[in-house]
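For reference, the structure is listed below as structure tokens.
The figures here come from the full heavy-atom set of this structure, side chains too, leaving out hydrogens, waters and symmetry mates. Quantities reported herein were computed from a predicted structural model and do not represent experimental measurements.
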Amino acid sequence: MTIGTIHKIQRYNIPKTHFFAWAICSLEGFSWLQRLLLPCPFKTLTGIDCPGCGFQRSLLALFNGNWAESYHLYPPTIPLLIVLVYAIVKGAAGFDKRDVVLKILAVACGWFVMGAYILKLWNGHG
């Protein structure tokens, strides 16, 4: 092993990496966030769900590893996160200068949000 290799190995402290992975995936890691959920002002005023109602609870369920519950609470959570991650990566890497892919993803995600909202209201869950 060369000195450069040893420095690279020491830079990535494996126990710390495992701790952070455990903290993110554990139920205790995000239980404190449940106390910080914001009520929807639109639903408070009108009694009707808005197109974003359920996103916070869905995101917490996703962070806890409950994919099915996350989808049940708010189906557009994963597409919204894909758009967010793509926008961050695109901004950091600097590709797709005309934002063609980002615009297509955003419009498709917007249609998905509105479709899920209309189905929720149609089925009487709003």
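- The structure places NE2 of His72 at 10.5 Å from OG of Ser58, a figure rounded to the nearest 0.5 Å.
- Under the 4.5 angstrom side-chain criterion for Ile, Leu, Val, Met, Phe, Trp and Tyr, Leu45 has no cluster partners at all.
- Exactly one of Leu62, Leu60, Asn64 qualifies for a side-chain contact (heavy atoms from CB on, under 4.5 Å) with Ser70. That residue is Leu62.
- With Lys43 as the fixed residue, the side-chain contact (heavy atoms from CB on, under 4.5 Å) test singles out one of Pro39, Cys40, Pro41: Cys40.
- For residues 51-69, no residue pair satisfies the salt bridge (charged side-chain N to carboxylate O under 4.0 Å, His left out) rule, not counting sequence neighbours.
- Among pairs with a residue in residues 79-89, those fulfilling side-chain hydrogen bond (donor to acceptor under 3.5 Å, both in side chains) read Tyr86-Asp96, at least two apart in sequence or across chains.
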Would you give me the side-chain donor-acceptor pairs under 3.5 Å for residues 99-119, sequence neighbours excluded?
unit_1: Asp99; atom_1: OD1; unit_2: Lys90; atom_2: NZ; d: 2.8
unit_1: Tyr117; atom_1: OH; unit_2: Asp49; atom_2: O; d: 2.8

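- Follow the hydrophobic side-chain contacts under 4.5 Å out from Trp67 and you reach Ile82 in the same cluster.
- With sequence neighbours excluded, the residues forming a side chain to side chain contact (heavy atoms under 4.5 Å, CB included) with Leu59 are Phe55, Phe63, Thr77, Leu81, listed by chain and number.
- Listed by chain and number, the hydrophobic cluster partners of Leu73 come to none, as no ILVMFWY side chain reaches under 4.5 Å of it.
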Item to complete: Assess whether side-chain contact (heavy atoms from CB on, under 4.5 Å) is satisfied between Leu121 and Ile48, documenting all intermediate values.
Response: CA-CA 9 Å; Leu121 293 179; Ile48 302 170; 4.1 Å; yes
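- Both Leu80 and Ile78 are part of a single hydrophobic cluster, where members link through side-chain heavy atoms under 4.5 Å apart.
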